[in-house]
Amino acid sequence: MLKSHHCGALRSDHAGEHVALAGWVHRRRDHGNLIFIDLRDRFGITQLVFNPDHSATAHQIASQLRNEYVIRALGTVRTRPEGMRNPDMATGDVEVMIDQLEILNESREPVFHISRETEVDEALRLRYRYLDLRRPRMQRNMILRHRVTRFMREYLSERDFVEIETPILIKSTPEGARDYVVPSRLHPGRFYALPQSPQQLKQLLMVSGFERYFQIARCFRDEDQRADRQPEFTQLDVEMSFVDHEDVLQLLEGLLTELVPAVSDKRVQQSPFPRLTHTEAMARYGSDKPDVRFEMLLIDLTDLLAESGFRVFQQVLQAGGQVKAIRAPGCAGYSRRQIDELTELAREHGAKGLATIQMRDEGPHSPIARFLSEAEMTAILERTGAEPGDLLLIVADKAPVVAQVLGQLRLEMGRRLNLLDDDVLAFAWITDFPLLEWNAEEERFEAVHHPFTAPFDEDLDLLESAPGRARAKAYDIVANGYEIGGGSIRIHRRDVQSRLFRTIGMTDEEAHAQFGHLLEAFEFGAPPHGGIAAGLARLVMLLAGEPNIREVMAFPKTQSAVDLMTNAPSGISARQLDDLHIQIKD
RNA sequence: GGAGGCGUAGUGUAGUGGUCUAACACGUCGGCCUGUCAAGCCGAAGAUCGCGGGUUCGAGUCCCGUCGCUUCCGCCA
């Protein structure tokens, strides 16, 4: 080792010891004769002192040091003179008087400040990611991420789970997201796909009898990016045999409940986690990934307005729609401009308009008041519990639009009213998803979760009679309004799997071509099984309090899926294309 | 594919039609300096205002296009 201690280690107990330190020049303070260098490594910062009276040679070399030079320094630890201690530094009681200094490597002037936590354009951070990763924020996030995966590995290993790697080059399947695809040199015109998840493979491991599997699995989806979505991402992937959904939920609930305090200062809002059916979540929060840190639930006014003379409500109700409201406490004083902002937000999410009732001192003020009977107004105020000072936001439309719009308005008002406690992780389970939904474009049913999800036992026969009504043994886990995971009990019987494939419009031949390996495996004693997968970076993002997933990834890609550091994707040589039997079209 | 935001010295910002001959802070370079820790003081260098076109007597500023980053919609079994 080039160093005897790291830069966070030395205390006054070490006074008198001769030590060797190595790291980066964090800051220099050159007084001409006396030079101070803050030396940084991963573990901390230690002040080095160069005094020409102590070592003229070391002092001479020190005068050449610049930010981010890599150095090795030997000297004696001493407590700082009284009054010179720095209580803000862990090593602030000591300094090292250097007698020998070696420059291990010089550094160009960094393209942005390493030693100051200033905001830097993200494109520049990504281009020089190795420098960005030197900064405290990214160091902290990467180490947090390591602690999270380490905790998961230990937690699951202690409970008899086996970590098994599954291949990255697999077979492309038609369902689901767009695959990333890899051409085959040995098989002209054929392609591997990168896994969207190890779904089928982990099910096959259950057929193999491992009973409890997990993997910190890399997954790939060729879809457009979001703040919480990257083209490649990592999931904690878990699968268990001989379990029902309760076992899976309790496993992950236990893991997360213990994980949060073990790796962060955040608090779990409630454990066991609250459970909502998909229907409840949509009805009360207007979202299948509700932020349950605050209430402000959607309130159904439909029945109160059944006889309403207001034409907008009439038309919506006649078309089978609904009228719902949320109550924003203390927002009655909103200006015209603020109301307009909310209306605009509502329009962006598909509403035709937004009705408001402002609970002013002199009484309810509303642009729609004149269309409502006194009884209707009274009923609305009573149902919503509106009090003086409150603002009611009302949307009338088809149920999915009402949910989308009020769900978004709820989040916006939660933000405006500062109801989103950053120190809290509010987990919740969403259960009882529909199994299938109608795809109007392709004129067929498709799996809401994936086509291996088991239907409720009592809904099995709906596969043929009323597929849209079948419920799935599927569950999502959400935290602070993010979907951080999802799973299901799987189909483990060949006949049921075949029926499901038929229901989603696949012929037996197509099913055999795409999923023959799985169907065949089910003929060899496949145990009942189920599992879950959780997005690692989304979880770490919440634990770190970061606004997007890139902040907890070492080398993320941009929104256009480009790696600004390496410039991937890039062209390849004619020779490589030739080997792969590929011709570029344009 | 669509909508919004941003783009000015190495970095972060100011500048919203006319002494802008582009300002400030940090950083950089040079000088002075033996107790600093965001060291200090003095001085200096450093910007085709993302790129292209247009409007105008005059464009960093207005308009159009384009590129990059980003947020959202679509998409994400």
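Here is how names work: the chains are called A, B, and so on, in the same order as the sequence lines, proteins then strands, and each is numbered from 1.
Relative to the side chain of His113(A), the nucleotides A39(B), G35(B), U11(B) differ in distance, and U11(B) lies closest. Looking at the side chain of Ala123(A), the nearest of the listed nucleotides C26(B), C69(B), C76(B) is C69(B). Which of C26(B), G74(B), G10(B) sits closest to the side chain of Arg226(A) comes down to G74(B). Between U70(B), C33(B), U71(B), one nucleotide has an atom nearer to the side chain of Ala227(A) than all others, and that is U71(B). Listed nucleotides: C33(B), C72(B), A39(B). Nearest to the side chain of Arg27(A): A39(B). Side-chain atoms of Thr558(A) lie closest to U70(B) of the nucleotides U70(B), U34(B), C76(B). In this structure, of U28(B), G35(B), U11(B), it is U11(B) that holds the atom nearest to the side chain of Thr118(A). Listed nucleotides C37(B), U34(B), U71(B) differ in distance to Arg29(A); the shortest reach to its side chain belongs to C37(B). Closest contact between the side chain of Asp38(A) and the listed nucleotides G27(B), C69(B), C37(B) involves C37(B). Distance from the side chain of Arg221(A) is smallest for C76(B) among the nucleotides G30(B), G35(B), C76(B).
A salt bridge (Lys or Arg N to Asp or Glu O under 4.0 Å) with Glu68(A) is found for exactly one of Arg135(A), Arg108(A), Arg134(A), Arg28(A), namely Arg134(A).
In this pair, His6(A) and Phe43(A) present their aromatic rings parallel. The plane angle is below 30°, not in the 30 to 60° band. Using cut-offs of 30° and 60° for the angle between ring planes, the His14(A) and His5(A) rings count as perpendicular.
If you measure from atom CZ of Arg135(A) to atom P of G12(B), you get 10 Å, rounded to the nearest angstrom. Here U36(B) presents its C1' atom at 9 Å from CE of Met84(A), a figure rounded to the nearest Å. As rounded to whole Å, 17 Å separates atom C1' of G10(B) from atom CZ of Arg125(A). In this structure, Arg550(A) places its CZ atom 7 Å from C1' of U70(B), rounding to the nearest Å. Between the CG atom of Leu124(A) and the C1' atom of U70(B) there is a distance of 15 Å, given to the nearest Å.
Separation of the C1' atoms belonging to G40(B) and C26(B) is 15 Å when rounded to the nearest angstrom. Taking atom C1' in both G10(B) and A45(B), one finds a spacing of 12 Å when rounded to whole Å. Taking the P atoms as reference points, A9(B) lies 14 Å from U61(B), given to the whole Å. Spacing between C49(B) and A59(B) at atom C1', rounded to whole Å, works out to 11 Å. Here the separation of C75(B) from G65(B), taken at their P atoms, is 27 Å to the nearest Å. Annotation: G46(B) and A22(B) have their C1' atoms spaced 13 Å apart (nearest Å). Remark: the separation of the P atoms in C24(B) and A14(B) is 16 Å, to the nearest Å. Across G15(B) and C20(B), the matching P atoms stand 15 Å from one another, rounded to whole Å.
When both pairing distances are held under 3.5 Å, A14(B) makes no Watson-Crick or G-U pair with any nucleotide shown. Summarising the base pairing, A44(B) is matched to U28(B) through a Watson-Crick or G-U wobble pair whose two defining distances lie under 3.5 Å. Using N1 to N3 plus N6-O4 or O6-N4 for Watson-Crick, or N1-O2 and O6-N3 for G-U wobble, each under 3.5 Å, G58(B) pairs with nothing. For G7(B), the paired base is C67(B) (Watson-Crick or G-U wobble, both distances below 3.5 Å). Nucleotide C37(B) forms a pair with no other nucleotide shown, judged by Watson-Crick or G-U wobble geometry with both contacts under 3.5 Å.
Taking the six-membered ring for Trp, His59(A) and Phe50(A) have ring centres at least 6.0 Å apart.
A donor N or O paired with an acceptor N or O is found under 3.5 Å between the base of C75(B) and the side-chain atoms of Arg229(A). Counting distance only, with no hydrogens placed and no angle test, the side-chain atoms of Arg80(A) and the base atoms of C37(B) include a donor-acceptor pair under 3.5 Å. No hydrogens or angles were tested; on distance alone, a donor-acceptor pair under 3.5 Å links the side chain of Asp224(A) to the base of G74(B). The base of G27(B) lies outside donor-acceptor range of the side chain of Arg28(A), with no N or O pair under 3.5 Å. Side-chain atoms of Gln559(A) stay outside donor-acceptor range of the base of G68(B), with no qualifying N/O pair under 3.5 Å.
Under the 3.5 Å distance criterion, the side-chain polar atoms of Arg125(A) are left unmatched by any main-chain donor or acceptor of Asp132(A).
Counting only N and O atoms by type, the side chains of Thr79(A) and Asp93(A) include no donor and acceptor under 3.5 Å apart. Thr566(A) and Asp563(A) share a donor-acceptor pair across their side chains, judged by distance under 3.5 Å alone. Side-chain polar atoms of Gln199(A) and Gln203(A) form a donor-acceptor pair below 3.5 angstrom.
Between Gln47(A) and Glu119(A), the residue anchored nearer the 5' end of RNA chain B, judged by the nucleotide with its closest heavy atom, is Glu119(A). Between Ala177(A) and Ser560(A), the residue anchored nearer the 5' end of RNA chain B, judged by the nucleotide with its closest heavy atom, is Ser560(A).
Residue side chain His31(A) fails the stacking definition with respect to G35(B), as its ring centre and the base's six-membered ring centre are not both under 5.5 angstrom apart and under 30 degrees in plane angle. Here Phe112(A) does not count as stacked on U11(B), because the ring centres are not under 5.5 angstrom apart with planes under 30°.
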